[in-house]
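Here is how names work: the chains are called A, B, and so on, in the same order as the sequence lines, proteins then strands, and each is numbered from 1.
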Number of protein chains: 2
Amino acid sequence: MRLVIAECSVTYAGRLNAFLPPAKRLIMIKADGGVLVHSDGGSYKPLNWMTPPNKLHVADPSESQRDEGIIELWTVQSQKVDDHLIISIYSIEHDSSHELGQDPGLIKDGVEADLQRLLSEQIHLLGTDYKLIRREYMTAIGPVDILAKNSTGETVAVELKRRGDIDGVEQLSRYVELLNRDPLLAPVHGVFAAQQIKPQARVLAEDRGFETLVLDYDAMRGVDDADSRLF
Amino acid sequence: MRLVIAECSVTYAGRLNAFLPPAKRLIMIKADGGVLVHSDGGSYKPLNWMTPPNKLHVADPSESQRDEGIIELWTVQSQKVDDHLIISIYSIEHDSSHELGQDPGLIKDGVEADLQRLLSEQIHLLGTDYKLIRREYMTAIGPVDILAKNSTGETVAVELKRRGDIDGVEQLSRYVELLNRDPLLAPVHGVFAAQQIKPQARVLAEDRGFETLVLDYDAMRGVDDADSRLF
DNA sequence: CGGTAGATCTCGCCC
DNA sequence: GGGCGAGGTCTACCG
């Protein structure tokens with residue numbers, strides 16, 4: 001990884017055109033060729049960047065560019081698409097390179113996939129005598145998170161979210177409507193399950209005739225851990 | 001901006017839990033308090049980060065942590081939400097600070113607006129004898145991208161996207177439903193137009209009775225350029 | 001301030 | 001490799 005602090009202006013041309021006026025910024029060049037231009041504020045998104053793979057070419061400025069104070073012209077050309085960055089360097093304050101090696105990567109816990117696995121394993125949270133049909137039940141408009149049968153043998157479609165808002169209820173509505181056209185499955189009931197359900201989403205879900213279910217992730221994980229310890 | 005290259009492990013606890021095993025990484029501390037942890041690969045997203053405002057606290061390791069090789073413990077606590085990063089430092093290879101100042105910011109040159117302008121000018125792409133009523137036709141629930149009349153004088157509402165997926169079809173559905181309540185406009189037909197339409201979005205659009213239209217931006221721009229050259 | 005829609009989205013999964 | 005959905009999404013815009 002190479003870190004350069006430089007007075008620079010940046011032009012991006014590709015899927016859109018963008019321009020950064022001259023200012024002092026960090027230019028990060030990663031080992032895989034990725035280039036990031038960061039200012040000293042904002043969130044994690046760079047002002048400008050180029051996704052690898054790409055090729056960095058350093059050129060001398062033209063006469064007129066030299067007159068404007070440009071000492072180097074960096075061109076970052078994407079190898080995949082017709083995108084490029086042009087970085088005009090006015091001055092370099094810092095320039096260092098570091099060998100970082102391969103990163104072991106991030107281990108995540110508590111995303112929708114975890115919730116889905118836990119609810120599948122603890123399908124009784126939906127109600128007494130519920131049976132799992134399958135997770136990620138495929139339809140023409142996308143996968144239903146969980147398909148189950150209730151105690152009377154009727155089909156139940158579960159839409160699972162970490163944060164339940166209106167979009168999720170709309171999604172569930174589409175699935176339930178589609179599934180209900182299948183005589184082998186109908187009647188299909190909808191369950192909207194989430195760690196947190198926003199009031200507007202709850203109202204809409206109930207209005208559509210869906211059950212709502214608030215999930216306690218920590219408790220579900222606790223049960224999971226307890227189960228694991230039995231083996 | 002402070003740049004630190006260090007052997008470190010990172011724990012995030014907040015909306016989810018995440019852990020980074022020990023490795024050499026870049027830790028970027030921005031002037032506004034934002035903290036980014038980058039590896040030497042991947043795109044612009046850091047492995048871990050903390051959005052400002054937040055507070056960085058440096059502490060000495062405990063006895064047992066010292067035995068593991070940890071020389072410093074950095075805690076980054078969000079001032080807004082109950083999120084924090086804990087960075088365990090094993091060794092520091094590089095540490096430098098730089099005064100960057102305020103950034104003038106990015107100037108973008110949009111694409112979606114162009115697409116709308118081009119389709120308005122080339123309204124025949126919708127079909128023979130179509131007439132433009134207007135762009136950005138305002139309704140109570142937002143602006144309809146393009147409103148037109150077809151060859152038999154019926155109203156057509158166009159939802160325009162760069163990439164057409166299910167959300168866009170839902171948006172069009174809301175508009176068409178609302179517009180159809182207006183006896184002066186009804187019957188209103190829906191057209192879902194995009195540079196690229198995802199299969200599931202196409203299925204949903206056709207199911208809702210909408211026409212789908214794939215737009216060739218380059219061809220449309222080419223026609224536009226040709227038109228421009230006539231003047 | 002909250003809600004919505006776009007993004008040079010990124011990232012991960014599954015066919 | 002393409003398609004699809006989620007994201008600690010981020011970001012701008014609009015009320």
Side-chain angles (χ1 to χ4, degrees), chain A residues 10-18 34-37 42-52 54 76 78 80-85 105-106 108-116 135-136 138-145 159-163 165-168 170-171 198-201, chain B residues 11-18 34-37 41-52 54 76 78 80-85 105-106 108-113 115 138 140-143 145 159-168 170-171 174 194 196-204:
Chain A
V10 185
T11 299
Y12 166 72
R15 275 154 283 190
L16 61 78
N17 298 311
V35 176
L36 285 65
V37 179
S43 190
Y44 66 68
K45 199 177 176 188
L47 294 166
N48 245 325
W49 72 93
M50 189 64 69
T51 306
N54 51 52
V76 186
S78 169
K80 285 276 179 190
V81 283
D82 186 22
D83 286 21
H84 63 265
L85 277 186
L106 190 66
K108 281 189 186 183
D109 175 32
V111 288
E112 193 188 305
D114 293 315
L115 262 183
Q116 194 187 102
R135 292 163 58 181
E136 300 283 346
M138 278 306 306
T139 73
I141 57 167
V144 178
D145 286 336
E159 179 59 37
L160 203 54
K161 292 288 172 197
R162 259 180 0 95
R163 274 177 248 180
D165 55 6
I166 284 185
D167 276 0
E170 294 286 6
Q171 212 174 331
K198 292 193 180 171
Q200 296 180 348
Chain B
T11 300
Y12 166 73
R15 275 155 280 190
L16 60 79
N17 300 310
V35 176
L36 285 65
V37 180
S43 190
Y44 66 70
K45 199 177 176 187
L47 295 164
N48 246 325
W49 72 95
M50 189 61 72
T51 308
N54 52 53
V76 186
S78 169
K80 285 274 180 193
V81 285
D82 187 22
D83 285 22
H84 64 264
L85 277 186
L106 190 67
K108 279 191 186 182
D109 182 11
V111 160
E112 176 125 353
L115 205 60
M138 278 307 304
I141 56 170
D145 287 337
E159 179 61 36
L160 202 55
K161 294 284 174 203
R162 228 163 46 79
R163 274 176 238 185
D165 58 2
I166 283 182
D167 281 356
E170 293 288 6
Q171 212 174 328
R174 289 196 296 271
Q196 200 178 48
I197 297 180
K198 294 190 178 172
Q200 296 185 349
R202 182 184 297 278
V203 168
L204 184 64

Atom-pair distance ([atom1] on [X]; [atom2] on [N]), nearest Å:
X	N	atom1	atom2	value
A/Leu106	D/dT9	CG	C1'	14 Å
A/Asn17	C/dA7	CG	C1'	16 Å
A/Tyr44	D/dT9	OH	P	9 Å
A/Leu115	D/dG5	CG	P	19 Å
A/Asp82	C/dT8	CG	P	17 Å
A/Glu159	D/dA6	CD	P	6 Å
A/Asp109	D/dG7	CG	P	13 Å
B/Lys80	C/dG2	NZ	C1'	13 Å

From [X] atom [atom1] to [Y] atom [atom2], the distance as rounded to the nearest 0.5 Å:
X	Y	atom1	atom2	answer
A/Asp145	A/Glu136	CG	CD	6.0 Å
A/Thr11	A/His84	OG1	NE2	8.0 Å
A/Asn54	A/Trp49	CG	CH2	13.0 Å
B/Tyr12	A/Lys108	OH	NZ	10.0 Å

Describe the nucleic acid contact of [X] in one word from base, sugar-phosphate, nothing, applying a heavy-atom distance below 4.0 Å.
X	answer
B/Thr51	base
B/Met50	base
A/Gln171	sugar-phosphate

Would you kindly compare A/Met138 and A/Leu85 by the position of their nearest DNA chain C nucleotide and give the one closer to the 5′ end? A/Leu85
Which nucleotide in [options] has an atom nearest any side-chain atom of [X]:
X	options	value
B/Pro199	D/dT9, C/dT8, D/dC4	D/dC4
B/Ser43	C/dT10, C/dT8, D/dG7	C/dT10
A/Pro143	C/dC11, D/dG5, C/dT8	D/dG5
A/Arg162	D/dA6, D/dT9, C/dC11	D/dT9

[N] phosphate, OP1 or OP2, under 4.0 Å from [X] side-chain N/O:
X	N	value
B/Arg174	C/dA5	yes
B/Lys45	D/dT9	no
A/Lys108	C/dG12	no

Just to verify, what does B/Glu170 make a salt bridge (charged side-chain N to carboxylate O under 4.0 Å, His left out) with, not counting sequence neighbours? A/Arg174, B/Arg208
Looking at C/dT8 and A/Trp49: do their rings stack (centroid distance under 5.5 Å, interplanar angle under 30°)? yes
Please check this pair: side chain of A/Arg162 against backbone of B/Leu16, looking for a donor-acceptor N/O pair closer than 3.5 Å. no
C1' spacing across the pair D/dA6 / D/dC10, given as an integer number of angstrom: 14 Å
